[in-house]
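Below is one structure, written out as structure tokens; the observations come after it.
If you're wondering where the values come from, they're calculated on a predicted model, not measured in any experiment.
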Amino acid sequence: MSSRRPSSRQSSGGVSRISDDQIIALVSKLRHLLPEIRDNRSDKVSASKVLQETCNYIRSLHKEVEDLSDRLSQLLATIEAESAEAAIIRSLLM
């Protein structure tokens, strides 16, 4: 009988879970995508740190989107409703 673990684990409900290899691949890809980690030039960044920075980066992107949406809404309120500029802004907001 082999004691080797399967490459993909399953929970008791039979739902497929992420394998260790998939987690390692994801963390590796995130290291290359995150500016804070990429600019660090250190290969010794822990998976926990990469995931934390990923969450922080997503939050900052979300904040930027909210700010841009607010700015576009304010701009839309100051221009004529039927103008070409208003149509462009409305299309960006939808």
Side-chain angles (χ1 to χ4, degrees):
M1 193 64 111
S2 172
S3 64
R4 191 171 159 223
R5 287 191 321 192
S7 63
S8 175
R9 292 175 284 174
Q10 289 189 342
S11 68
S12 60
V15 177
S16 181
R17 295 184 56 181
I18 298 173
S19 71
D20 292 342
D21 291 340
Q22 290 171 319
I23 291 170
I24 291 167
L26 174 62
V27 169
S28 177
K29 288 176 185 176
L30 290 172
R31 276 191 177 116
H32 296 291
L33 293 174
L34 294 170
E36 295 81 8
I37 302 293
R38 187 180 58 226
D39 296 342
N40 192 357
R41 300 196 194 286
S42 173
D43 292 335
K44 303 293 183 195
V45 179
S46 70
S48 175
K49 176 73 172 168
V50 171
L51 294 175
Q52 182 62 47
E53 288 300 325
T54 300
C55 291
N56 292 342
Y57 190 60
I58 290 170
R59 282 187 201 102
S60 73
L61 290 174
H62 184 72
K63 176 79 169 101
E64 285 182 44
V65 168
E66 284 180 358
D67 292 346
L68 287 172
S69 178
D70 290 344
R71 288 174 53 198
L72 287 171
S73 294
Q74 290 169 358
L75 183 58
L76 187 57
T78 65
I79 60 177
E80 188 177 322
E82 300 304 317
S83 68
E85 293 87 358
I88 292 169
I89 293 171
R90 277 194 298 276
S91 72
L92 292 172
L93 292 173
M94 295 183 177

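- One finds the CD1 atom of Ile89 at 7.0 Å from the OG1 atom of Thr78 (value rounded to the nearest 0.5 Å).
- With values rounded to the nearest 0.5 angstrom, Leu68 atom CG is found 10.0 Å from Lys63 atom NZ.
- Checked against side chain to side chain contact (heavy atoms under 4.5 Å, CB included), Ser48 has the following partners two or more places apart in sequence or in another chain: Ser46.
- Asn56 and Gln52 form a side-chain donor-acceptor contact under 3.5 Å, judged by distance and modelled atom types alone.
- Thr54 places a side-chain N or O within donor-acceptor distance of the main-chain N or O of Val50, the cut-off being under 3.5 Å.
- Shown here for Arg31 and Ala47, the closest heavy-atom pair between the two residues is NH2-N, 4.0 Å.
- Of the charged side-chain nitrogens involved, none lies within less than 4.0 Å of a carboxylate oxygen, so that Arg71 and Asp67 do not count as a salt-bridged pair.
- Formation of a donor-acceptor pair under 3.5 Å by the Ser28 side chain with backbone atoms of Ile24 is not found in this model.
- Taking both residues in full, the closest heavy atoms of Ser91 and Ile88 are given as OG-O, 2.6 Å, listed atom of the first, atom of the second, then distance.
- The hydrophobic clustering, which links ILVMFWY residues whose side-chain heavy atoms are closer than 4.5 Å, places Leu30 and Ile58 apart.
- Heavy atoms only, all atoms of each residue included: Ala86 and Ala81 are closest at CB-O, 3.4 Å.
- Interatomic distance, CG of Leu75 versus CD of Glu85, reported as 8.5 Å (0.5 Å rounding).
- Considering only heavy atoms from C-beta on, Leu26 stays 4.5 Å or farther from Ile18 through its side chain.
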